[in-house]
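Here's the structure, in structure tokens; my notes come after.
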Amino acid sequence: MGFYDVGVLFVIAAVANRGLDEGNIVSVEMLSELTCVSRTCAKVTHVKISVPLYSHTRTILEFCKRLAHLHQDIHITCINPTVKSSCNDVKALFENLPPNIDSMFLPPVNLDDMPEKPHIPILVHATITSSLPSIYNALKTLHCSSNSIGLTSIVVDVLITQVLPMANELNVLSYVYFSSTAMLLSLCLYPSTFDKTISCETVEIPGCMLIHTTDLPDPVQNRFRCSEEYKVFLEGNKRFYLADGVIINSFFDLEPETFRALQENKGTSSTSIPHVYPVGPLVQEGSCETHESQGNEGETHEYMRWLDKQEQNSVLYVSFGSAGTLTHDQFNELALGLELSGVKFLWVIRPPQKLEMIGDLSVGHEDPLEFLPNGFLERTKGQGFVVPYWADQIEILGHGAIGGFLCHCGWNSMLESTLHGIPIVAWPLYADQKMIAALFSDGLKVALRPKPNEKGIVGRGVVAEVIKNILVGEEGKEIQQRMKRLQDVAIDALKEDGSSTRTITQLALKWKRSAV
């Protein structure tokens, strides 16, 4: 069924109650106490619960691996709802995990009454709802059988906050794992304020830059304010206040003013927002090759050999993630714009869709090369390299020939681009991606964002102009300098004494304390 076949529930055994203050460090006394607690408790257990979305599962697993590496006396269990046969791409994420991470795959939920090809958000919501009884039973079983290990906390994906009351019932700490911008988190934590103050053109979110309402996620835009999706959005955000904290895959210096605003409003009262813990940027370190189209292990991909022949910072990498797709018209305009730019490019393509901007992660039966404009491959031979369906994004972004990244602004891709210091052409498609594009283009100024015409299409001329600006223009040089500075602070956050590493240690200390 594709990338939505498997989700994950993450349970951790020890959880902290204080957020990250600016400049906060782990003191000698704190490290000493952490050592003492570790000696008194052999292991503490933590549970992770995610949703049936590949990108969500991937990022929450990266947090698990980071936590397991830094604190090997913490045991982690990942609870995975499933739908019929599990997607190989998702299952591959659970291979070769550290010994202190276990996974539990729940029985598949029955969705036979769903349409043959349901809208993916509807499918995800149905899967979550149907999985709740099994999740509850799994949590009770873990809680009753883990006295010797010490079940102390549950971390749930942002889309499955319905589990939070279960944690309260079991008297264990609970956290929401949030993988997007602090700006979107602030929007989620102030839903009532936002509901009353939204204007026709822009909205001011506490601690954030002004943002156009058209860049907000669809459910909260004006035209959807009376919809069921908007009600679900508000209800889900209210459940944030049931949690002991929010763990966000970001780092303080990416959005310092927003994090400061969130910290100023934290507290212990029912009206105070939960503590916020920036622990990122956490990205996948290596690839999980499961697609039939990929070569043997250890084999160098042909596109990497092509990159080896290109000049430094000369190639634009183009990819819309594991599921992003374009319409037929936009697909053609992008292709012709790449050709018109004259810039070298490496493009990972998927077949275009009629309407849906979210495709299936798995390799389909259609050959996406057949949808390219007539003669495109012949005309761009030497200029570009086209890869069907999938390529190793981490490997590509780490290659010295890459000078820009045209992407859908998925959070994982944006963090990967930041950690590699690659300027971005922001091309958002759905969900929170327009907010992310606004932050990186208007706020951080490390991205260029092409403007669509009145029909919603980015024309070939606009595509070519933006590409040339980012790769060879003066504006692109300034963007590259800003991105390199952002890369440096992102890397610093993950160092041994970095802000995000200290935050994870604070969480581990709280979890261990609660297990004693």
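- At a threshold of 4.5 Å between non-hydrogen side-chain atoms, the residues P423 and V446 do not count as touching.
- No donor-acceptor distance shorter than 3.5 angstrom exists from the side chain of D215 to the backbone of A438, with no hydrogens or angles considered.
- With 3.5 Å as the limit, one finds a donor-acceptor pair spanning the side chains of R66 and T501.
- The nearest pair of heavy atoms linking V276 to L185 is CG1-CD2, 3.9 Å.
- Contact of the I504 side chain with the Q506 side chain is not registered, since no non-hydrogen atoms from C-beta on lie closer than 4.5 Å.
- The main-chain N or O of D392 is never found under 3.5 Å from a side-chain atom of E395 such that the two would form a donor-acceptor pair.
- The shortest side-chain heavy-atom distance between S499 and D253 does not fall under the 4.5 Å cut-off.
- For the pair I248/E255, no side-chain contact is recorded, criterion being any heavy-atom separation below 4.5 Å from C-beta on.
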Could you walk me through whether Q284 and L61 pass the side chain to side chain contact (heavy atoms under 4.5 Å, CB included) check? CA-CA 9 Å; Q284 190 172 345; L61 266 179; over 6 Å; no

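- Between H56 and D157, the side chains place a donor N or O and an acceptor N or O closer than 3.5 Å (distance only, hydrogens not considered).
- Ion pairing between K512 and D73 holds under the 4.0 Å rule for side-chain N and carboxylate O.
- Atoms NZ and CG, from K445 and L486 in turn, are 14.0 Å apart once rounded to the nearest 0.5 Å.
- Using a 4.5 Å heavy-atom threshold, the side chains of F240 and L189 count as touching.
- Of the possible donor and acceptor atoms, none in the side chain of Q433 sits under 3.5 Å from a partner among the backbone N and O of C409.
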What do the steps show when you test Y190 against N237 for side chain to side chain contact (heavy atoms under 4.5 Å, CB included), and what is the final call? CA-CA 8 Å; Y190 294 99; N237 293 338; over 6 Å; no

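- Of the residues K484, R485, M483, the one that meets the side chain to side chain contact (heavy atoms under 4.5 Å, CB included) test with Q481 is R485.
- For the pair H420 (side chain) and I422 (backbone), a donor-acceptor distance under 3.5 Å is absent.
- Within the 4.5 Å cutoff, the side chain of L139 has heavy atoms near those of the V163 side chain.
- Between the side chain of K65 and the main chain of E62, no donor-acceptor pair closer than 3.5 Å is present.
- One distance of note links CG of L397 with OG1 of T418; it measures 10.0 Å at 0.5 Å rounding.
- Looking at E475, its side chain never comes within 3.5 Å of a backbone N or O of I470 through a donor-acceptor pair.
- To the nearest 0.5 angstrom, L132 atom CG is 11.0 Å from T127 atom OG1.
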Test salt bridge (charged side-chain N to carboxylate O under 4.0 Å, His left out) on D492 and K495 and set out the steps. CA-CA 5 Å; D492 286 344; K495 291 181 178 179; 2.9 Å; yes

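- Of the N and O atoms on the side chains of R239 and T161, at least one donor lies less than 3.5 Å from an acceptor on the other residue.
- The distance from atom CD of Q330 to atom CG of L429, rounded to the nearest 0.5 Å, is 9.0 Å.
- Considering all non-hydrogen atoms of both residues, L262 and A182 come closest at CD1-O, 4.4 Å.
- If you check the side chains of Y177 and T59, you find a donor sitting under 3.5 Å from an acceptor.
- Looking only at atom types and distance, the side chain of H275 has no donor-acceptor partner in the side chain of D244 under 3.5 Å away.
- Under the 4.5 Å side-chain criterion, counting only non-hydrogen atoms from C-beta, I76 is not in contact with L97.
- Tested against W427 for a side chain to side chain contact (heavy atoms under 4.5 Å, CB included), the candidates V318, V463, V466 yield a single pass: V463.
- Between the side chains of S180 and D432, at least one donor N or O sits under 3.5 Å from an acceptor N or O.
- Heavy atoms only, all atoms of each residue included: N249 and W411 are closest at O-NE1, 2.8 Å.
- Without hydrogens or angle criteria, E201 side chain to T213 main chain gives no donor-acceptor distance under 3.5 Å.
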Stepwise side chain to side chain contact (heavy atoms under 4.5 Å, CB included) test for L509 and H71: CA-CA 10 Å; L509 176 56; H71 302 279; over 6 Å; no

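- Classification of the F259-F252 ring pair by plane angle, with boundaries at 30° and 60°, yields parallel.
- In this structure, N412 and S55 approach most closely via the heavy-atom pair ND2-O, 3.4 Å.
- Judged by distance alone, with hydrogens and angles left aside, the side-chain atoms of S417 form no donor-acceptor pair with the main-chain N or O of S413 at under 3.5 Å.
- In this structure a side-chain-to-backbone donor-acceptor pair under 3.5 Å is present from S186 to P206.
- Minimum interatomic distance between P274 and A243 (heavy atoms only, all atoms of both residues): CB-O, 4.1 Å.
- Remark: side-chain polar atoms of S500 are not paired, donor with acceptor, to backbone N or O of F251 under 3.5 angstrom.
- Between the side chains of E416 and Q393, at least one donor-acceptor pair of N or O atoms lies under 3.5 Å.
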Side chain to side chain contact (heavy atoms under 4.5 Å, CB included) between L406 and Y317: does it pass, once the steps are laid out? CA-CA 6 Å; L406 190 158; Y317 171 50; over 6 Å; no

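- Taken to the nearest 0.5 Å, the OG atom of S179 stands 9.0 Å off from the CD1 atom of I60.
- Residues V489 and L254 form no side-chain contact, since every pair of their non-hydrogen atoms from C-beta on lies 4.5 Å or further apart.
- Taking CD1 of I402 as the start and CD1 of I396 as the end, the distance is 6.5 Å to the nearest 0.5 Å.
- Residue I74 comes nearest to A508 through the heavy atom pair CD1-CB, 3.8 Å, listed as atom of the first residue, atom of the second, then distance.
- Annotation: F105 is in aromatic contact with F94 [ring centroid separation under 6.0 Å].
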